[in-house]
Amino acid sequence: MTDVTLDAPSTFPVSARNRLKRYHERGSYDRDAVFAILDAGMLCHVAYVIEGQPYCTPTIYWHEGDMLYWHGSSASRMLRHLKGGTPACLTVSHLDGLVLARSGFNHSLNYRSAMCFGTARILDDPDEKARALVGVVDRFFPGRAAELRQITGQESKATTVIGMRIEEASAKVRAKNVGDDDEDGTHPVWAGVIPVRTIIGEEEPSPGLMPGVERSEALAAYRPGRRLDEALTEAQRLYEGEAARD
Ligand SMILES: Cc1cc2nc3c(=O)[nH]c(=O)nc-3n(C[C@H](O)[C@H](O)[C@H](O)COP(=O)(O)OP(=O)(O)OC[C@H]3O[C@@H](n4cnc5c(N)ncnc54)[C@H](O)[C@@H]3O)c2cc1C
């Protein structure tokens, strides 16, 4: 990809848009902190406004440095609206634990989340679009794009890819046990954290798979019993390594 930011400062700029106010001590503008959250996920919510109406669309995303990408059908309202370039906010969140306090008020969640702000634009340049359509496969399954039946002109035409350079971003993380009020400490109810993980399951091969066809190295990160966020982070590292060699 062409748009990876080189020699970027270690933190994102801070403005009224991304300055953390509530529980700001849980937040960070650090690029590595934001990227760690982006690397660990594949689902996001993209928020934007069309004629005064807010929309918040769940979708797959991928990123290369400061460039975020998502894609969809060329007929999608979201994507058609973004054509001219529009302000957008892309949010990723991971649920890590249920935090059970001794009062309802102090119940909480452990989480990692990132909010990224920028101007979303359609990738019009055919080469940039073609590279992005490889990226959407290889970011998750490094090396798989070259193993697949190649994309047709019709498939490419039917697919719109959006790119958004991150102008500002913030990360917010809660990773601790309950925050009960001191006087609630003697209340006789169980309190603590119930960790939550998304785990990779056993594979279910496609019916009619060609005899002798096995999973390739591209899927090596996705082993049964492994945490999905760890597998996605490993895949991102491999993808970045391959992109650096290209
Ligand atoms: C899974 C999950 C569950 C949550 N549940 C609750 C809940 O039940 N109640 C509740 O009040 N809050 C909850 N939060 C926190 C919530 O996301 C907000 O941080 C919080 O509500 C404060 O919002 P605000 O707009 O007032 O924050 P402000 O601090 O005013 O927001 C200012 C800026 O700070 C940054 N920011 C704010 N929140 C986040 C974030 N989560 N991640 C990254 N950057 C951020 C953004 O750049 C934002 O524009 C939850 C978060 C997650 C990830």
Side-chain angles (χ1 to χ4, degrees), residues 5 8-50 52-70 78 82 85-120 162-181 184 189 191-199 227-233 236:
T5 304
S10 63
T11 57
F12 284 104
V14 181
S15 76
R17 195 161 55 163
N18 65 331
R19 185 182 302 281
L20 289 131
K21 296 179 202 80
R22 287 202 58 209
Y23 293 112
H24 57 86
E25 69 285 359
R26 294 179 184 172
S28 165
Y29 310 102
D30 196 83
R31 277 192 149 73
D32 287 345
V34 171
F35 290 163
I37 292 165
L38 298 179
D39 291 351
M42 65 192 307
L43 301 181
C44 70
H45 288 82
V46 187
Y48 50 92
V49 173
I50 303 178
Q53 170 64 51
Y55 295 88
C56 182
T57 305
T59 191
I60 294 171
Y61 72 95
W62 67 107
H63 87 107
E64 300 200 2
D66 283 6
M67 278 303 292
L68 279 164
Y69 299 95
W70 63 99
M78 166 180 80
L82 294 179
T86 200
C89 174
L90 185 148
T91 299
V92 175
S93 48
H94 305 289
L95 172 59
D96 292 328
L98 313 177
V99 180
L100 298 130
R102 293 172 180 82
S103 66
F105 183 81
N106 285 323
H107 275 64
S108 189
L109 295 174
N110 279 340
Y111 61 79
R112 292 160 286 155
S113 59
M115 291 175 69
C116 304
F117 300 90
T119 303
I162 304 294
M164 183 174 91
R165 179 175 293 286
I166 305 173
E167 295 162 6
E168 286 154 16
S170 53
K172 196 168 174 181
V173 176
R174 188 190 193 283
K176 57 178 187 175
N177 214 295
V178 291
D180 270 318
D181 299 343
D184 291 341
V189 66
V193 173
I194 298 177
V196 177
R197 308 280 179 253
T198 299
I199 300 295
R227 288 172 56 151
L228 177 64
D229 56 357
E230 290 178 359
L232 288 168
T233 301
Q236 177 81 20

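Read the numbers this way: they start at 1 and go in the same order the structure lists the ligands and their atoms. Heavy atoms only: backbone and side chains are in, while hydrogens, waters and symmetry mates are out.
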Open item on the list: For Asp180, give me all partners under side-chain hydrogen bond (donor to acceptor under 3.5 Å, both in side chains), at least two apart in sequence or on another chain.
Closed with: Arg102

Measure from every N or O atom of ligand 1 to the protein's N or O atoms and keep only the pairs below 3.5 Å, writing each with atom names and distance to 0.1 Å.
{"unit_1": "ligand 1", "atom_1": "11 (O)", "unit_2": "Arg22", "atom_2": "NH1", "d": "2.9"}
{"unit_1": "ligand 1", "atom_1": "19 (O)", "unit_2": "Lys172", "atom_2": "NZ", "d": "2.7"}
{"unit_1": "ligand 1", "atom_1": "29 (O)", "unit_2": "Lys21", "atom_2": "N", "d": "2.7"}
{"unit_1": "ligand 1", "atom_1": "29 (O)", "unit_2": "Arg22", "atom_2": "N", "d": "3.0"}
{"unit_1": "ligand 1", "atom_1": "41 (N)", "unit_2": "Ser113", "atom_2": "OG", "d": "2.9"}
{"unit_1": "ligand 1", "atom_1": "42 (N)", "unit_2": "Ser113", "atom_2": "OG", "d": "2.7"}
{"unit_1": "ligand 1", "atom_1": "44 (N)", "unit_2": "Ser170", "atom_2": "OG", "d": "2.8"}
{"unit_1": "ligand 1", "atom_1": "47 (O)", "unit_2": "Asn18", "atom_2": "O", "d": "3.4"}
{"unit_1": "ligand 1", "atom_1": "47 (O)", "unit_2": "Ser170", "atom_2": "OG", "d": "2.8"}
{"unit_1": "ligand 1", "atom_1": "49 (O)", "unit_2": "Arg17", "atom_2": "O", "d": "2.7"}

Task: Atom pair OG (Ser170) and NE2 (His24), whose distance is rounded to the nearest 0.5 Å - done: 13.5 Å

Task: Sub-4.5 Å side-chain heavy-atom contact between Asn106 and Val178 - done: no

For residues 87-95, which side-chain donor-acceptor pairs fall under 3.5 Å, sequence neighbours excluded?
{"unit_1": "His94", "atom_1": "NE2", "unit_2": "Ile37", "atom_2": "O", "d": "2.9"}

Task: Mutual orientation of the aromatic rings belonging to Phe12 and Phe35 [parallel < 30°, tilted 30-60°, perpendicular > 60°] - done: perpendicular

- [ ] Sequence neighbours left out, what passes salt bridge (Lys or Arg N to Asp or Glu O under 4.0 Å) with Arg227? Give chain and number order.
- [x] Asp229, Glu230

